[in-house]
Amino acid sequence: MNSDRIRLPSLLEKVKSADEAAALIKDGMTVGMSGFTRAGEAKAVPLALVERAKKDPLKITLVTGASLGNDIDKKLTEVGALARRLPFQADNTLRKAINDGQVMFIDQHLSETVEQMRANQIARPDIAVVEAVSITEKGHIVPTTSVGNSANFVQFAKQVIVEINTTLSPELEGLHDIYLQEERPNRTPVNLLKPDDRIGTTAIEVDPSKIVAIVFSDLSDSPSNALPADSETQAIADHLIEFLKKEVDAGRLPNSLRPLQVGIGTIANAVTSGLVKSPFTDLVQYSEVLQDSTFELLDAGKLKFASGSSITISAPCAERVFGNVAKYKDKLVLRPQEISNLPEIVRRLGTISINTALEFDIYGNVNSTHVSGSKMMNGIGGSGDFARNAQLAVFVTKSTAKGGAISSVVPMVSHVDHTGHDTDILVTEIGLADLRGLAPRERARAIIDNCVHPDYRFALNDYFERACAKGGQTPHILREALEWHINLEERGNMLSKG
C-alpha cells in the first residue's frame, strides 16, 4: 500500500505517525498548510497538534490558501494555538477570537499572500504541511482537492510534511496544473490564454530531502455547507440571467458569455445553478472554488470546462464526482491561487465575476467582510482580485437580513472592501441595478429604484433627496450616514428610532 502511494522508495522511511509529525511544529513557527475553502487541507497532523497543545501549549502563525474544514480552525483556537491567522477563515469560534482581539487576523486578497512571501514582506513558512493523494517517482507531491498556496509553501518552507489521504483515488493525478511565478522584476508573462490551457506540471516539485515526515490519513474533506436555492436566490438568478440575455442580444457578449467566476457561498452557488435552465451554452469557468453548481452545469451539458483552485462540494456531489473521476477529469483543472486569481489573466479573459456582498450603499460601494463596520465575518477572499479586473463585476445579496431588521442596501456602507469604481452590477431578489456609465447620483437612483426592499425604499429616498439638496458630487448627510447601523446596534432594527 505505501509503495503505491509513495513511488520514490527512499521516502518510505519517512513515514511517521501524525503525533510524530506534529512534534516537528515548534512554538512560534509560521506554518504553511494546504487547504482552500474546506478542501484539501491537511487533517491528521493539525488534529494531532491540537492534542499536543492541550498538554504542551504553543502558539503558531497559520497561513493557508483559504478556510479549513474538519473544525481545524475551531479546535486550534480552543486550545490557544493560534497567535496569527491569514489570509481567510470561516469558522465561528475563530471569528469570535479574532473579533475579541485574541487572534491577530490578516485579511488579504487571495492572490497576494505568496507574492508578499516571495518579496519577504511577510514571513515565509518554517514548515509546510500539505495533503497529497500520492508522491511520484521523483518525490514530487500530487495534491488532492485543492492547490491553493500549497506549491509555494513547499517551495518556501525549510521542511515539508506530506499527509497522504487514502480516501481519494490516485486517479486525481493529472488534474492539477502547478505553475509558479518567478521573482520580480524579471518575471515572464504567464502564457495562459484560455481557461483550459495547461502551462505547468501535474505535481508540486520539491527536493525530496526537504520532506521530513509522511503521514497517512483516512479523513475526508468536510462537505460544502452551502444551502439549496430558495425563492429569493432564484429571483436573483432570474434577474441576472435576464440581464445577461440582453447583453447577448445587444452584441456585448456571445451566447457562451465570458469565463465565469463564482464566489463561495449559498447565494452565489444558487445563482449559478440557475444557469442550468438558461439559454446560454458552451460556458466555461475561470474561478477559485468549483462548487456543486459547477458539476450541475457540467452534467447538464451547459459547461465545457472549469478551472479553479479547489473543489468544495456537498456530500452527494462528492460521491458522484470522486466516485467517477474519469468522467470529469478532462473537463477540470486545479491551479495555484496566485494563478487562478491573477489579476492580469482575469482582465485578459474578460471574466464575469459573481460574488456575495454583506451590504452595499446607494453609490455602489460594497462591504464583503465586516458586520456593522467592526466585526469580521470571513474575509475578502478572492472577490477583490476579480471585481477590479472583471469585464462584469457582479455583487449579489438578499435585500434584507435578520427577518427584515437589516437592509442590505444602506446610505453608506460601514466598511468598504470594493469601491463603487469596481462594481458594475448589483442584484437583490427585488431587482438589478446596472451601474455602468452612471455618475454617483444616477447610480443612487438606479440602486434605490431596483434593489431596495419596499420596507426601506421610502427612508432611502428621503435620505438621498435631502443629501442632494445639501449638494456634492456624492451627496451625503454625514450626521445620518451611519445612523441605520447605530439603530441596529442600539435597538436591533435599522429603522428603529429612539
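We count residues from 1, following the sequence as given.
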Could you tell me if the side chain of Ser150 sits less than 4.5 Å from the side chain of Pro143, heavy atoms only? no

CA sep, side-chain torsions, deciding dist, call: Ser368, Phe395, side-chain contact (heavy atoms from CB on, under 4.5 Å): CA-CA 10 Å; Ser368 297; Phe395 284 92; 4.2 Å; yes

Could you go through the salt bridge (charged side-chain N to carboxylate O under 4.0 Å, His left out) check for Asp449 and Arg457 one step at a time? CA-CA 8 Å; Asp449 290 349; Arg457 193 171 293 145; 5.9 Å; no

For Pro475 and Tyr363 the tightest heavy-atom approach is O-OH, 2.5 Å

Less than 6.0 angstrom separating the ring centers of Trp484 and Tyr463, yes or no? no

Quick check against the 3.5 Å criterion: does Asp424 have a side-chain atom that pairs as donor or acceptor with the backbone of Val394? no

Pair Asp385-Ser383, side-chain donor/acceptor within less than 3.5 Å: no

Side chain to side chain, Val346 and Ser353, heavy atoms closer than 4.5 Å: no

Please determine, by modelled atom types, if Gln181 and Glu338 share a side-chain donor-acceptor pair under 3.5 angstrom. yes

Given side chains that start at C-beta, do those of Ser408 and Ser399 come closer than 4.5 Å, heavy atoms only? no

Is Asp249 salt-bridged to Lys245, cutoff N-O under 4.0 Å? no

Passing option when Asp73 is tested against Arg38, Arg95, Arg85 for salt bridge (charged side-chain N to carboxylate O under 4.0 Å, His left out): Arg85

Would Asp417 and His415 count as a side-chain hydrogen bond (donor to acceptor under 3.5 Å, both in side chains) here? Give the steps. CA-CA 7 Å; Asp417 291 295; His415 173 89; 3.2 Å; yes

Report yes or no: do Gln285 and Ser307 form a side-chain donor-acceptor pair below 3.5 Å? no

Has the side chain of Asn389 got a donor or acceptor atom that lies under 3.5 Å from a matching backbone atom of Arg347? no

Is it true that the side chains of Ser224 and Gln291 contain a donor and an acceptor less than 3.5 Å apart? no

Strictly below 4.0 Å, N to O, side chains only: are Asp71 and Lys75 in salt-bridge contact? no

Counting only heavy atoms from other residues, nucleotides and ligands, does the tally under 6.0 Å from CZ of Arg187 exceed 12? yes

Would you sort out whether Gln337 and Val114 count as a side-chain contact (heavy atoms from CB on, under 4.5 Å), showing the intermediate values? CA-CA 9 Å; Gln337 67 197 66; Val114 296; over 6 Å; no

Do Asp230 and Thr233 have side-chain N/O donor and acceptor atoms under 3.5 Å apart? yes

Measure from the side-chain N and O atoms of Asp100 to the backbone N and O of Gln102, and report whether any donor-acceptor pair falls under 3.5 Å. no

Do you know which two heavy atoms are closest between Ile425 and Leu392, and how far apart they sit? CG1-CD2, 4.4 Å

Are Ile448 and Ile362 close enough, and set up right, to give a side-chain contact (heavy atoms from CB on, under 4.5 Å), and what steps lead you there? CA-CA 7 Å; Ile448 294 170; Ile362 59 176; 4.0 Å; yes

Rounded to the nearest 0.5 Å, how far apart are CG of Leu76 and CG of Leu68? 8.0 Å

Worked verdict on Glu247 versus Arg436 for salt bridge (charged side-chain N to carboxylate O under 4.0 Å, His left out): CA-CA 13 Å; Glu247 291 296 289; Arg436 295 172 298 174; 2.9 Å; yes

Which word best sums up how the rings of Tyr328 and Phe295 line up, parallel for under 30°, tilted for 30 to 60°, or perpendicular for over 60°? perpendicular

Would you find a donor on one side and an acceptor on the other, under 3.5 Å apart, between the side chain of Arg258 and the backbone of Val284? no

Can you give me the closest heavy-atom contact between Leu192 and Asp197, atom names plus distance? C-OD2, 3.9 Å

Show your reasoning for whether side-chain hydrogen bond (donor to acceptor under 3.5 Å, both in side chains) applies to Gln108 and Gln116. CA-CA 10 Å; Gln108 292 185 312; Gln116 292 188 11; 3.1 Å; yes

Hey, are Glu232 and Lys398 close enough for a salt bridge, meaning a charged N less than 4.0 Å from a carboxylate O? yes

Is there a side-chain contact between Val427 and His239 (heavy atoms, below 4.5 Å)? yes

Please confirm whether the backbone N or O of Gly40 pairs with a side-chain atom of Asp221, one donor and one acceptor, at under 3.5 Å? yes

Begin with the C-alpha distance, continue with both residues' side-chain angles, and end with the deciding distance and a verdict on side-chain hydrogen bond (donor to acceptor under 3.5 Å, both in side chains) for Asp238 and Gln234. CA-CA 6 Å; Asp238 291 344; Gln234 185 58 55; 2.9 Å; yes

If we ignore angles and hydrogens, is there a donor and acceptor under 3.5 Å between the side chains of His109 and Glu115? no

Ser67 and Gln89: side-chain donor and acceptor closer than 3.5 Å? no

Check: Ser309 side chain, Leu334 main-chain N or O, donor-acceptor pair, under 3.5 Å: no

Backbone of Ile199 reached by a side-chain donor or acceptor of Asp177 within 3.5 Å: yes

List the steps and the verdict of side-chain contact (heavy atoms from CB on, under 4.5 Å) for Arg443 and Leu438. CA-CA 6 Å; Arg443 283 172 160 246; Leu438 300 185; 3.8 Å; yes

State whether Arg388 and Glu344 are salt-bridged, where the test is any N-O pair (Lys NZ or Arg NE/NH1/NH2 against Asp/Glu carboxylate O) under 4.0 Å. no

Determine whether the side chains of Ser496 and Asn487 contain a donor N or O and an acceptor N or O closer than 3.5 Å. no

Crowded around Glu489 CD? As in, over 12 foreign heavy atoms under 6.0 Å? no

Compute the ring centroids of Phe360 and His418, then answer whether they are less than 6.0 Å apart. no

Between Lys304 and Asp282, is there a salt bridge with N-O shorter than 4.0 Å? no

Hey, are Glu480 and Arg466 close enough for a salt bridge, meaning a charged N less than 4.0 Å from a carboxylate O? yes

Is it true that a side-chain atom of Tyr456 and a backbone atom of Gly404 form a donor plus acceptor pair closer than 3.5 Å? yes

Do Leu94 and Phe105 have side chains that approach each other closer than 4.5 Å (heavy atoms only, starting at C-beta)? no

Any side-chain heavy-atom pair from Phe36 and Asn149 closer than 4.5 angstrom? no

What I'd like to find out is whether the side chain of Thr397 reaches to under 4.5 Å of the side chain of Glu359, using heavy atoms alone. no

Using the side-chain hydrogen bond (donor to acceptor under 3.5 Å, both in side chains) rule, take Ser34 and Glu41 through it: C-alpha gap first, then chi angles, then the decisive distance, then the call. CA-CA 5 Å; Ser34 65; Glu41 79 274 358; over 6 Å; no

Answer yes or no: are there more than 12 heavy-atom neighbours, outside Lys302 itself, under 6.0 Å from its atom NZ? yes

Note: Tyr179 and Val190 closest approach over all heavy atoms is CE2-CG2, 3.9 Å

Test item: Thr428 side-chain N/O and Cys451 main-chain N/O as donor-acceptor pair under 3.5 Å: yes

Verify, without hydrogens or angle tests, whether Thr61 (side chain) and Arg84 (backbone) share a donor-acceptor contact under 3.5 angstrom. no

Cation-pi check, Arg124 onto Phe156 ring (under 6.0 Å, within 45° of axis): yes

